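Remarks on the structure that follows.
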Amino acid sequence: MARDTPVAKKSTSLPATKPEITEMEQAEVRALTRRKKAKRQAPRFAVNWKDGGQVQVMPVGIHADVASVRVMNAFGTTSAELAERLINQIINTTHLQSSNEPVAAENLNAALAAVTGIAPRDEAEAMLAAQMVGVHWLAMDLLRKANDRALLNDAGNLAVKLLRTYTTQLEALKRYRSGGEQLVVVQHQHVNVTADQAAVQVSGGNYPAPEGRGAPSKPKEQSHAPGPITYESATSLQCPNPARNVVPVTNGAGKAPVQNARRR
């Protein structure tokens, strides 16, 4: 006799609610959109390997006729040959794997984005930007190798030298862009002190005692009411020679010549 076995009901779970974008996150999206519009567009490439070990680099996300224009704008040059050569140099410096491994398109596109972010304005800045990208890539790879204790000294020392070189390159780029001129900004600060504030500072009022001990000192109150003025009699000073105490008085009348005191 067949028995009817109850069929387990499938649990119906509600779909997970997707959190809504907050106002702060929307502001971040708008800020990123404005930055993208203000900056240059970085070129992007796809890397394909052909038979015989040949590498084919093709632009993606742009019309073929405009791809070279975007590359030249990224390097700040009007020479397509220089831009193509700089791309080849960046591929060689950022491809830190063995020659048998294919070139990573992610590394190439990231390096080109770094060059575009530096925004070179001429050929000199374009070459310096390519050098800065190569130095950074190699220095970071050496720092990774320095995790091995056997390579700590060699890789670590060379990485420190490259990082110093990168800083020097950045300073050289700043000097080149500023034309070697130094900008000195002088700011004037005006402090207005009223008569009451000056009196408080001079008298020391509302200021704590040295080293924070004691209560703030207060100016002593003095009475400014007029009082009686007293005089004390003083003894006269007598000359040791009594004969010189008397001042002679002339009795002559009329005019008389004045004797010269210097005549001997």
Side-chain angles (χ1 to χ4, degrees), residues 27-47 57-96 103-146 155-189:
E28 293 180 359
V29 174
R30 291 191 297 267
L32 179 60
T33 303
R34 289 193 298 267
R35 290 177 57 191
K36 282 186 176 181
K37 291 181 179 180
K39 283 195 171 185
R40 306 175 185 177
Q41 294 294 325
R44 296 181 57 84
F45 291 91
V47 180
V57 180
M58 297 294 296
V60 294
I62 193 173
H63 196 275
D65 297 337
V66 190
S68 60
V69 176
R70 177 169 294 184
V71 171
M72 288 186 289
N73 289 334
F75 285 96
T77 181
T78 57
S79 174
E81 291 80 7
L82 177 60
E84 181 180 357
R85 185 57 182 170
L86 290 176
I87 290 179
N88 293 331
Q89 293 174 354
I90 290 175
I91 292 176
N92 295 330
T93 53
T94 57
H95 182 60
L96 303 176
V103 177
E106 294 79 7
N107 289 342
L108 174 59
N109 292 329
L112 292 177
V115 173
T116 308
I118 297 174
R121 301 177 301 182
D122 53 19
E123 288 73 14
E125 293 187 6
M127 291 183 288
L128 184 57
Q131 296 172 17
M132 294 171 64
V133 170
V135 168
H136 168 77
W137 242 260
L138 184 56
M140 299 305 293
D141 186 69
L142 289 172
L143 290 177
R144 178 186 61 83
K145 294 179 179 178
N157 293 335
L158 185 55
V160 171
K161 293 180 180 179
L162 289 175
L163 293 176
R164 292 176 179 174
T165 302
Y166 181 85
T167 305
T168 304
Q169 291 173 335
L170 187 59
E171 293 176 354
L173 179 61
K174 291 182 179 179
R175 289 195 302 269
Y176 180 80
R177 286 181 172 178
S178 62
E181 298 179 356
Q182 295 182 356
L183 180 62
V184 179
V185 180
V186 180
Q187 296 181 354
H188 297 277
Q189 295 183 356

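Residue numbers count from 1 along this sequence. Being a predicted model, the structure only gives us computed values, none of them experimental.
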For a quick test of reading the model, state the closest non-hydrogen atom pair linking Leu86 to Met127 and the distance between them.
CD2-CG, 4.3 Å
Of all heavy-atom pairs linking Asn107 and Thr94, the shortest is ND2-O, 4.3 Å
Heavy-atom neighbours of Arg35 CZ exceed 12 at 6.0 Å
no
Any donor-acceptor N/O pair, Asp141 side chain to Trp137 backbone, under 3.5 Å:
no
Val71 side chain near Glu84 side chain, heavy-atom distance below 4.5 Å
no
If you round to the nearest 0.5 Å, how far is CZ of Arg121 from OG1 of Thr77?
14.5 Å
Between Ile62 and Val66, what is the shortest heavy-atom contact and its length?
CD1-O, 3.7 Å
Would Gln169 and Leu128 count as a side chain to side chain contact (heavy atoms under 4.5 Å, CB included) if you check the C-alpha gap in whole Å, the side-chain angles of each, and the deciding distance to 0.1 Å?
CA-CA 7 Å; Gln169 291 173 335; Leu128 184 57; 4.1 Å; yes
Side-chain heavy-atom pair Thr116, Pro43 within 4.5 angstrom cut-off:
yes
Taking the side chain as every heavy atom from C-beta outward, state whether Leu170 and Met132 have any atom pair closer than 4.5 Å.
yes
Measure the shortest side-chain to side-chain distance between Pro120 and Arg40 over non-hydrogen atoms and say whether it is less than 4.5 angstrom.
yes
With a 4.5 Å cut-off on side-chain heavy atoms, are Val133 and Thr93 touching?
no
Would you indicate whether the side-chain heavy atoms of Val57 and Ile87 approach each other to under 4.5 Å?
no
His95 side, atom NE2; Leu108 side, atom CG - distance, nearest 0.5 Å
11.5 Å
Tightest non-hydrogen contact, residues Ala139 and Ala159, listed as O-CB, 4.0 Å
Grab the two heavy atoms, one from Arg177 and one from Ile118, that are nearest each other, plus how far apart they are.
NH2-O, 2.7 Å
First locate atom CG of Leu162, then atom NE2 of His136, and finally report the distance between them rounded to the nearest 0.5 Å.
11.5 Å
Can you find a pair of side-chain heavy atoms, one from Thr167 and one from Leu163, that are under 4.5 Å apart?
no
Under the 3.5 angstrom rule, does the side chain of Asn109 hit a backbone N or O of Phe45 as a donor-acceptor pair?
yes
Any chance you could measure Arg70, atom CZ, to Asn73, atom CG, to the nearest 0.5 Å?
9.0 Å
